[in-house]
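A short write-up of the structure that comes next.
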Amino acid sequence: CSPTPMKLRDAPSACPSLWRCLPCPLAELRLDLVLSSGQSFRWWESSPGAWTGVLGDRVWTLRQDGDRLWYTVYGEEDEHKKEEERDGCPARAAKLDVAETDRILRDYFQLDVGLSALYRAWAAADPLFRKVANDFPGVRVLRQDPVECLFSFICTSNNHISRITAMIERLCQAFGRRLCCLDSRPFHAFPPLSALTGADAEARLRALGFGYRAKFVSGSARAIAEGLGTEGLCQLRTAPYAEARRVLCALPGVGAKVADCVCLLSLDKAEAVPVDTHVWHIARQRYGVALGGKSLTPRAYQEIGDFFRGLWGPRAGWAQAV
DNA sequence: GCTAGACCTGG
DNA sequence: CAGGTCTAG
């Protein structure tokens, strides 16, 4: 795989100097619940309690104990080459400095958002939330890259998680830059928009088992490339929820549900409540939301979102993640 | 506006 | 059928 194969690192004890930690109580973050809940499809439990995945074009392993979140970042396979090329300052060419990795992780998990206080408020407003909150502490919303989030969730329609995960893995392998190998397993970055706009992208995606979503992925990539661009997509972070939603829904393969997922999980729209068939079921059965139709019509979708926003407030999407 | 059906693929 | 979306009536 690589001339000098790297090993996966499970725990800080083996090689403490390669790990760092951030203070982070379990009530604020439960790695296992957050990384396996279907928000992101790029993390796997590489050994019990250790989660390995790609974030910000780097491969990381995360683990938590007590009140700390531990992490280690792996170097790129052609790091030495890079180092030589930068004759100016070889010493710091190899790794991101620790302030930077700390920042990336804090941003990804949105650790500045105090979850305990939010749980208290949701529990006070909603008896049903109170019942599940004790069993699922530390569930927070990730702040993902908008491009990765958008194309990942286009793949979720009428699909199940095991296949979605496999599809995205193949997408990255085929279109993304290879970052490094760990225990002979290659890791790839999520491809940039430009990698998905080629004339043969749709056919290649079909060959990777994307089915009818191949057209959606390549079509949305084109539409964004010719329209607002990656920057414009990212700038939706500062746009109002309604506008971000409207722009996203104009893309092929993006309906209300996918748009809300992208809004909530990558565009800072904490009020977005993605309503899938499961949530719809819960809303009717447990919350007794009165709705006219027997199916999830656009109007019913809107009403359910409004109901939960009324119940939980401006971070309804976060509460729903629990 | 709302109701069907089709749509890739795999468990 | 599966954590939808699109299209035609």
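Letters A, B, ... are given to chains in the order of the sequence lines, protein chains preceding strands, and every chain is numbered from 1. Below, each value reflects all heavy atoms present in this structure, side chains not excepted, and no hydrogens, waters or symmetry copies.
Of the listed nucleotides (dC7(B), dG3(C), dC2(B)), dC7(B) has the atom at the smallest distance from the side chain of N158(A). Closest contact between the side chain of T277(A) and the listed nucleotides dT5(C), dC8(B), dG3(C) involves dG3(C). You'll find that the side chain of S295(A) is closest to dT3(B), out of dT3(B), dC8(B), dG4(C). With dG4(C), dC8(B), dC2(B) as the choices, the nucleotide that has an atom nearest any side-chain atom of R299(A) turns out to be dC2(B). Distances from the side chain of T297(A) to the nucleotides dG3(C), dC2(B), dT5(C) place dC2(B) closest.
Figure legend: R63(A) and W19(A) shown without cation-pi pairing, the cationic atom not lying both under 6.0 angstrom from the six-membered ring centre and within 45 degrees of its axis. The cationic group of R42(A) does not satisfy the cation-pi geometry with F190(A), failing either the under 6.0 Å distance to the six-membered ring centre or the 45° limit from the ring axis.
In this entry the distance linking CD1 of I304(A) with P of dG3(C) reads 16 Å, nearest Å. The distance between atom CG of L296(A) and atom P of dC6(C), rounded to the nearest whole Å, is 14 Å. One atom, CZ of F216(A), and another, C1' of dA6(B), lie 11 Å apart when rounded to the nearest Å. In this structure, the CD atom of Q302(A) is 12 Å from the P atom of dC2(B), given to the nearest Å. In this structure, D276(A) places its CG atom 18 Å from P of dC1(C), rounding to the nearest Å. For the pair R213(A) CZ and dC6(C) P, the interatomic distance rounds to 13 Å; values are reported in whole Å. At whole-Å resolution of the value, CG in L251(A) and C1' in dT5(C) are 13 Å apart. The distance between atom CG of N159(A) and atom P of dT9(B), rounded to the nearest whole Å, is 11 Å.
Rounded to the nearest Å, the gap between the P atom of dG3(C) and that of dG5(B) is 22 Å. Distance check on atom P: dC8(B) versus dA8(C) gives 15 Å, rounded to whole Å.
Side chain of K269(A) to backbone of A239(A): a donor-acceptor contact under 3.5 angstrom is found. Side-chain atoms of R140(A) come within 3.5 Å of backbone N or O of F109(A) as a donor-acceptor pair.
Among the heavy atoms of the strands lying under 4.0 Å from A256(A) are primed sugar atoms or P, OP1, OP2 only; no base atom is included. At a threshold of 4.0 angstrom between heavy atoms, the contacts of S220(A) with the nucleic acid are absent. Heavy atoms of G255(A) sit under 4.0 angstrom from primed sugar atoms or phosphate atoms, though from no base atom. As judged by a 4.0 angstrom heavy-atom cut-off over every strand, P274(A) is placed among residues making no nucleic acid contact.
Checking V254(A) against Q39(A), the closest nucleotide of DNA chain C that is more toward the 5' end is the one next to Q39(A). For the pair S157(A) and S162(A), both in contact range of DNA chain B, the more 5′-proximal nearest nucleotide belongs to S157(A).
The side chain of T156(A) places no N or O atom within less than 4.0 Å of a non-bridging phosphate oxygen (OP1 or OP2) of dG4(C).
Looking at Y212(A), its side chain comes within 3.5 Å of the base of dG4(C) through a donor and an acceptor atom.
Side-chain contact of D260(A) with Y241(A): a donor-acceptor pair under 3.5 Å is present, judged by distance alone.
Remark: dC8(B) base-pairs with no nucleotide in the shown strands. Criterion, Watson-Crick or G-U wobble with two distances under 3.5 Å.
Ion pair R58(A)/E100(A) not flagged as a salt bridge, since none of the NZ, NE, NH1 or NH2 atoms sits closer than 4.0 Å to an Asp/Glu carboxylate oxygen.
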